[in-house]
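Everything on this sheet refers to the single structure shown next.
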Amino acid sequence: MADDDATPDITIYGTQWCGDCKRAKQFFGEQRVHYRYVDVDVDADGMAFVEKTNGGKRVIPVIDFGDGSTLVEPSNAEMAQKLGITTEASRSFYDLVVVGSGPAGLTAALYAAREGIDTLVVERAAIGGQAGITERLDNFPGFPEGVSGEEFAERLRKQAERFGVEVLGASEVTGITLDGNYRCVATADGCTHGAYAVLLALGSTYKRLGVPGEEDFIGAGVHFCATCDGAFYRGQDVLVVGGGNSAGEEGLFLTKFASHVTIATRDPELTASKVVVEKIAERPDMDVLTDVETVEVKGDTHLEAVVLKNTRTGEQSELHPGGMFVFIGLDPNTELVRGFVSLDTQGFVETDSGMHTNVPGVFAAGDCRAGSTKQAASAAGEGAAAAIAIRRYLAPFAGGMPFVDTAGQPLTMV
Ligand SMILES: Cc1cc2nc3c(=O)[nH]c(=O)nc-3n(C[C@H](O)[C@H](O)[C@H](O)COP(=O)(O)OP(=O)(O)OC[C@H]3O[C@@H](n4cnc5c(N)ncnc54)[C@H](O)[C@@H]3O)c2cc1C
């Protein structure tokens with residue numbers, strides 16, 4: 001994504017200790033914009049460029065856009081504007097506001113807009129959600145050769161925009177409130193977008209180990225989804241990190257492709273269910289390493305080695321798997337709606353079979369929804385189902401009827 005892309009025009013000049021430099025790098029990373037990074041603490045030419053740009057002063061980050069223009073210590077809004085990202089809505093009220101632009105959000109948006117429902121999509125990072133950061137989607141129907149995540153995201157965005165969906169990028173939703181029939185969606189820049197209905201398509205985030213190298217090799221040896229990426233490791237050895245049910249089950253699944261699967265857990269034994277542990281023990285092509293912590297991932301352009309540390313002895317060793325799959329849990333991106341809609345014990349949004357939450361006019365679809373299957377195709381399917389349910393919810397409005405009765409209770413839709 002960053003640093004080593006073949007032709008990055010954009011260069012960020014900064015240092016390791018500078019918080020604004022980290023923010024700028026994170027912003028470009030989230031927007032999937034390629035850049036080169038120069039650490040001016042170790043690069044004299046870089047420091048000279050910074051000083052020249054600032055009339056002799058050392059103000060960082062300096063961002064050189066390669067077209068003769070630079071930004072010095074810019075805000076996120078300035079960077080978004082420079083990159084041509086739309087962050088301002090054209091109106092203050094829509095029929096539907098969709099929060100999140102992954103496959104669930106954009107599919108719902110295009111279904112809704114195609115039926116004449118005025119729809120705004122608000123996205124805090126790059127358009128396309130997790131599907132956009134996927135190296136290659138090999139299992140989305142309709143793409144027999146597979147499709148890169150980036151291309152898939154771009155196609156979704158274009159299709160939604162063709163039907164008139166308005167899409168805001170780099171805009172984080174910070175709160176949702178109710179005002180009678182209206183739902184008010186507030187963003188970090190201080191704007192509020194009104195609507196009759198809101199779709200939560202917030203997705204979820206695979207928990208990461210947070211060790212050096214992990215981030216650099218995501219999609220290039222480091223993976224978080226066996227169904228998605230297991231087939232890339234046909235005939236190779238793979239390492240699974242984690243000791244619970246998902247690590248065990250995904251490890252077993254990976255034996256369909258890999259020649260050998262090693263599970264590494266930091267606990268003294270697997271914490272997966274008895275059935276899963278027994279199945280693993282029966283397999284000659286699986287083994288389990290206990291009391292080991294992953295401390296580093298090494299490689300050049302692809303993962304080459306994983307450094308493990310024995311938690312009892314402190315001794316370090318290296319493994320050289322073809323790929324590493326991390327299964328240490330999944331966090332739904334639902335902090336925003338905690339206390340607003342009903343969540344299950346793990347924080348996923350609870351809905352009825354029509355994707356409706358317990359709050360009238362607030363729907364949920366995709367990976368953030370309790371019971372979802374965490375796949376791009378099913379997220380898109382849930383988005384379509386939610387749009388149809390939302391259309392039904394909005395129908396009385398088209399006839400001029402209120403959504404709530406005089407006591408503020410939701411009307412029952414048929
Ligand atoms: C590395 C990787 C590889 C994968 N490979 C595959 C694969 O090969 N095949 C497959 O089927 N699936 C794959 N998946 C899973 C697939 O990408 C997800 O199941 C799918 O993207 C879920 O769609 P979604 O719309 O529910 O959520 P997401 O795609 O996660 O989109 C949610 C969006 O909501 C945004 N958001 C969250 N909170 C806010 C907020 N407060 N304000 C504004 N925006 C917000 C997020 O930034 C995000 O863009 C992969 C996932 C990853 C991470």
Side-chain angles (χ1 to χ4, degrees), residues 1 26 29-32 87 97-109 120-143 146-150 152-153 156-157 160 167-176 185-189 191 193 198-208 214-215 217-232 323 325-327 330-338 340 348-349 355 364-386:
M1 170 172 305
Q26 186 181 345
E30 282 174 354
Q31 298 305 323
R32 293 199 303 273
T87 56
V97 172
V98 176
V99 189
S101 73
L106 285 180
T107 305
L120 176 73
V121 174
V122 187
E123 169 58 57
R124 66 180 174 191
I127 309 304
Q130 287 182 76
I133 60 164
T134 307
E135 172 104 328
R136 193 147 198 87
L137 267 177
D138 240 0
N139 56 0
F140 199 92
F143 294 93
V147 58
S148 78
E150 217 163 326
F152 178 72
L156 267 181
R157 185 185 63 77
V167 183
L168 304 186
S171 302
E172 172 147 25
V173 171
T174 49
I176 304 171
V185 176
T187 45
D189 58 3
C191 291
H193 311 286
V198 171
L199 174 66
L200 304 171
L202 303 161
S204 53
T205 308
Y206 288 99
K207 281 188 190 153
R208 297 186 181 177
E214 179 188 32
E215 197 82 14
F217 298 108
I218 289 176
V222 176
H223 303 272
F224 301 89
C225 173
T227 313
C228 313
D229 301 329
F232 295 131
F325 288 79
V326 181
F327 299 117
L330 191 68
D331 283 330
N333 303 325
T334 53
E335 269 315 299
L336 160 74
V337 287
R338 188 171 287 283
F340 177 65
F348 291 90
V349 182
M355 314 282 168
D367 279 14
C368 71
R369 199 182 68 83
S372 59
T373 49
K374 320 299 183 260
Q375 289 290 287
S378 47
E382 289 201 8

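Read the numbers this way: they start at 1 and go in the same order the structure lists the ligands and their atoms.
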Original post:
Which atoms from ligand 1 have a heavy atom of Ala201 less than 4.0 Å away?
Top reply: 32 (C), 33 (C), 34 (O)

Subject >> Aromatic centroids of Phe325 and Phe224 separated by under 6.0 Å >> reply: no

Subject >> Subset of ligand 1 atoms that lie under 4.0 Å from at least one heavy atom of Leu137 >> reply: 6 (C), 7 (C), 8 (O), 9 (N), 10 (C)

Subject >> Distance filter under 4.0 Å to Ala376 heavy atoms, resulting ligand 1 atoms >> reply: 10 (C), 11 (O), 12 (N), 16 (C), 19 (O)

Original post:
What are the atoms of ligand 1, with element, lying closer than 4.0 Å to any heavy atom of Gly100?
Top reply: 33 (C), 34 (O), 35 (C)

Original post:
Looking only at heavy atoms of Phe224, does any of them come nearer than 4.0 Å to an atom of ligand 1?
Top reply: no

**OP:** Please lay out, stage by stage, how Phe143 and Leu137 fare under the test side chain to side chain contact (heavy atoms under 4.5 Å, CB included).
**Re:** CA-CA 9 Å; Phe143 294 93; Leu137 267 177; over 6 Å; no

Original post:
If you measure from each non-hydrogen atom of Arg136 to ligand 1, which part falls under 4.0 Å: side chain, backbone, both or neither?
Top reply: backbone

**OP:** State whether the side chain of Glu382 and the backbone N or O of Gly366 hold a donor-acceptor pair below 3.5 Å, judged by distance alone.
**Re:** yes

Original post:
Gly129 heavy atoms, cut-off 4.0 Å: which ligand 1 atoms fall inside?
Top reply: 29 (O), 31 (O), 48 (C), 49 (O)

**OP:** Select one of side chain, backbone, both or neither to describe which atoms of Ser171 lie under 4.0 Å from any atom of ligand 1, heavy atoms only.
**Re:** backbone

Subject >> Donor-acceptor contact present, side-chain Ser171 to main-chain Leu168, <3.5 Å >> reply: no

Original post:
Do any N or O atoms from the side chain of Glu123 and from the backbone of Ser101 form a donor-acceptor pair under 3.5 angstrom?
Top reply: yes

**OP:** Just let me know how Leu336 lines up against ligand 1, side chain, backbone, both or neither, with a heavy-atom cut-off below 4.0 Å.
**Re:** side chain

**OP:** Between Ala379 and ligand 1, find which residue part has any heavy-atom pair under 4.0 Å and reply side chain, backbone, both or neither.
**Re:** side chain

Original post:
What class does the angle between the rings of Phe232 and His223 fall in, given that below 30° is parallel, 30 to 60° is tilted and above 60° is perpendicular?
Top reply: tilted

Subject >> Part of Lys374 within contact of ligand 1 (heavy atoms, under 4.0 Å) >> reply: backbone

Original post:
Quick one: does Tyr206 get an N or O within less than 3.5 Å of an N or O on ligand 1?
Top reply: no

Original post:
Can a salt bridge be assigned to the pair Glu215 and Arg208 using a cut-off of 4.0 Å between side-chain N and carboxylate O?
Top reply: yes

Original post:
If you count the atoms of ligand 1 from 1 in the order shown, which ones are under 4.0 Å from a heavy atom of Gly366?
Top reply: 26 (O)

**OP:** Heavy-atom distances under 4.0 Å are what count here, so tell me which part of Val122 touches ligand 1: side chain, backbone, both or neither.
**Re:** backbone

Subject >> Check: Asn333/Thr205 side-chain N/O donor and acceptor closer than 3.5 Å >> reply: yes

Subject >> Sub-4.0 Å heavy-atom contact, Cys225 with ligand 1 >> reply: no

Original post:
Taking the six-membered ring of Phe348 as reference, does the NZ or CZ atom of Lys374 fall below 6.0 Å from its centre and within a 45° cone about the axis?
Top reply: yes

Original post:
With backbone taken as N, CA, C and O and side chain as the heavy atoms from C-beta onward, which portion of Phe140 lies under 4.0 Å from ligand 1: side chain, backbone, both, or neither?
Top reply: neither

Original post:
Taking Arg32 for the side chain and Ile127 for the main chain, is one N or O donor matched with an acceptor at less than 3.5 Å?
Top reply: yes

